[in-house]
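Nothing here was measured: the structure is a model prediction, and the numbers come from that model. Counting starts at 1 for both ligands and their atoms, following the listed order.
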Amino acid sequence: MDMILEGKAFVNGSFEHCCIGISNGKILSIKKILKGDQHLIFKNKLLLPAAIDIHVHFRDPGMTAKEDFATGSLAAAYGGTSCVCDMPNTLPATTTIQDIIKKKTLANRKSFVDFGVYAGITDANSNSLSSLAQHCNGFKIYLGSSTNALLLPPNKLMDVFYQASKVKKPLFIHAEDESCLLNHKKVEHTLADHLQGRPAVCEEQAIQKILTASSSFLTPIHICHLSSCEGLELLKKRPTHITCGVTPHHTLLNAEQHFPSQSCYKVNPPLRTRLDKESLFDALAHDTIDILESDHAPHTLEEKQQEFDAAPSGVPGVETMVPLFLYLTKKQQLSFQQMTSLLCARPGEILAVPKGKLQPGYDADIMVVDLKKETKITADMLHSKCGWTPFEKFPAIFPLHLFIRGEKLIEDREIQVSRGFGQYIGE
Ligand code: DOR
Ligand code: ZN
């Protein structure tokens, strides 16, 4: 065995003091006592699976003043995330095989953590899922306009679901209905206006269209960033091949709060009411939601400080997601079973990768956590290029160390590897 990590590990739903044996980057066995070349003992610290963030916008290529694959993935690592999947709304958008390959090449050179990429599906490439599938980890569909978003007309959904069912790659959908958004469009000055311009009924209509169009296919479909009680109600009765995720911002923030800047909190789908926020958090704690996803969408402060209507939508969050929820788990708002399922195990299952569980055969992606190490989040401790956070002063617990494929990536909050350590998670 190359290495043994010994500590209080979360294995099969509970904590036990044990040894995790690692060989060739994989967990080989988990036992009370194991011997290996290197033996690291973490006493009473927690050994948890590292998180997988299936939803980030790293802006590379084309918008690297906001973020690039090196800074975005470094932020992920410091936040306990060993694997990220990047959305296609870059410049150029990843809608062709050529541009997907280019993004994978640059990510291979720059990424600190393991990564996947999605192909964006638009009217123009909506017949090409089978050829795109070999080069990506899934497909992203926007049913409503958003910052730099691509669009797919809803009448194409059935055909796209049919093609996806043949290639067995997941579809990730931004569920806000474009015709509904256009009906509600208005000049916006505040978060309240933004919410009126993108009401819950538009999410509800999009989800209804997805449920109807997908009813004869068993292809995996993930509804991204669920944001409303109405959407949640519809998804409570979803079939098992449909999964859904929520973001930290939709579960911890709402549009009625007093914020230092309104436009910083402008995001799509919008922050909604306190009731929406509380219902979504409650759904996390009652196993009605599959995963947490950050929807890390960095924009610079300069861009965000424009007039509300002109400011781009999106908030950063890849580095703060795990620390916020580690703290909330310590405070017993969620169980460790729920937290690790939402952040690690279920995202791994959705992507069909052997990551996200402390189990033999899985990648040795492990975070070491000291629950006593509570901090208050401040922008200056974070690693995204954008330089701000919507969670300023929120209590959090950042992991002390992070291992990816058995290699020590972060030790005592310091990065130990160079950019390019991260590997593509597909074939
Ligand atoms: O608020 C958002 N920002 N929603 C999206 O769908 C896109 C994202 C971005 O890329 O900035
Ligand atoms: Zn997104």
Side-chain angles (χ1 to χ4, degrees), residues 53-69 72 76 84-95 103 116-122 137-152 170-178 180-181 188 191 193-195 197-198 202-203 206 222-228 231 244-250 253 255 261-272 291-304 306 308-318 321 347 350 384-386 388-390:
D53 192 345
I54 65 135
H55 191 152
V56 301
H57 299 263
F58 280 174
R59 312 300 191 200
D60 206 351
M63 292 173 277
T64 50
K66 296 174 195 275
E67 194 76 284
D68 65 39
F69 233 102
V84 292
C85 285
D86 193 52
M87 287 294 165
N89 61 338
T90 39
L91 281 177
T94 49
T95 53
K103 184 183 276 185
V117 296
Y118 301 130
I121 301 302
T122 64
N137 305 89
F139 308 103
K140 175 68 184 282
I141 290 175
Y142 286 90
L143 291 178
S145 302
S146 188
T147 305
N148 298 318
L150 316 157
L151 263 188
L152 183 79
L171 283 153
F172 297 85
I173 309 187
H174 181 122
E176 287 185 284
D177 184 73
E178 182 65 4
C180 180
L181 294 179
E188 299 177 359
L191 288 170
D193 294 340
H194 192 56
L195 177 51
R198 307 182 77 107
C202 297
E203 182 167 89
H222 178 75
I223 313 281
C224 297
H225 44 50
L226 185 66
S227 62
S228 67
C244 69
V246 293
T247 66
H249 46 276
H250 290 114
L253 306 172
S261 144
Q262 292 268 298
S263 49
C264 275
Y265 294 80
K266 182 181 174 189
V267 62
N268 300 329
L271 300 183
R272 300 190 191 275
I291 67 162
L292 278 156
E293 56 195 72
S294 73
D295 195 5
H296 177 73
H299 298 286
T300 62
L301 265 181
E302 205 181 357
E303 293 165 320
K304 278 296 213 180
Q306 298 172 83
F308 190 91
D309 225 20
S313 293
V315 297
V318 70
M321 178 166 71
I350 289 171
S384 167
K385 249 188 212 183
C386 74
W388 64 279
T389 169

For this session: Output the list of atoms in ligand 1 that are nearer than 4.0 Å to some heavy atom of N89, sorted by atom number.
Result: 7 (C), 9 (C), 10 (O)
For this session: Return yes or no for this condition: an N or O of D295 is under 3.5 Å from an N or O of ligand 1.
Result: no
Seminar exercise, completed: dist M87:CE -> R59:CZ (nearest 0.5 Å) comes out at 11.5 Å
For this session: Could you tell me the separation between the CG atom of D86 and the CG atom of D53, rounded to the nearest 0.5 Å?
Result: 10.5 Å
Problem set entry | Vertex the Zn ion (ligand 2), arms to D295 OD1 and H55 NE2, rounded to 10° | 80°
Seminar exercise, completed: In this structure, atom 3 (N) of ligand 1 is nearest to the protein heavy atom S313 O, 3.0 Å
Seminar exercise, completed: ligand 1 atoms nearer than 4.0 angstrom to some heavy atom of Y142 are 6 (O)
For this session: State if N148 counts as touching ligand 1 under the rule of any non-hydrogen atom under 4.0 Å.
Result: no
Problem set entry | Residue from D295, V318, N148 passing side chain to side chain contact (heavy atoms under 4.5 Å, CB included) with H57 | D295
Exercise. Do the non-hydrogen side-chain atoms of H222 and P170 ever get within less than 4.5 Å of each other?
Worked result: no
Exercise. For A297, is at least one N or O under 3.5 Å away from an N or O on ligand 1?
Worked result: no
Exercise. Which one holds for K266 and ligand 1: side chain close, backbone close, both close, or neither close, with close meaning a heavy atom under 4.0 Å?
Worked result: neither
Exercise. With a cut-off of 4.0 Å, which atoms of ligand 1 are near a heavy atom of H174?
Worked result: 6 (O)
For this session: Would you please determine whether H299 falls within less than 4.0 Å of ligand 1 on a heavy-atom basis?
Result: yes
Exercise. Is the side chain of S261 donor-acceptor paired with the backbone N or O of C264 at a distance under 3.5 Å, no angle test?
Worked result: yes
Exercise. Relative to the ring of H174, is the ring of H225 parallel (under 30°), tilted (30 to 60°) or perpendicular (over 60°)?
Worked result: perpendicular
Exercise. Does the side chain of W388 come within less than 4.5 Å of K304's, by heavy atoms?
Worked result: yes
Problem set entry | Per-atom contacts, ligand 1 versus V267 - under 4.0 Å to a heavy atom | 1 (O)
Problem set entry | Close approach, R59 and ligand 1, non-hydrogen under 4.0 angstrom | yes
For this session: Please report which non-hydrogen protein atom sits nearest to atom 1 (O) of ligand 1, along with the residue it belongs to and the distance in Å to one decimal place.
Result: N268 N, 2.8 Å
For this session: Considering just N/O/S atoms, say which atom of H57 is closest to the Zn ion (ligand 2).
Result: NE2
For this session: Among all protein heavy atoms, pick the one closest to atom 7 (C) of ligand 1 and tell me residue, atom and distance.
Result: S146 OG, 3.6 Å
Exercise. Judged by modelled atom types alone, do R272 and S228 share a side-chain donor-acceptor pair under 3.5 Å?
Worked result: no
Exercise. Do T90 and K103 have a side chain donor and acceptor closer than 3.5 Å?
Worked result: yes
Exercise. Counting from 1, what ligand 1 atoms have a heavy atom of T147 closer than 4.0 Å?
Worked result: 7 (C), 10 (O), 11 (O)
Problem set entry | Thiol sulfurs of C244 and C224 closer than 2.5 Å | no
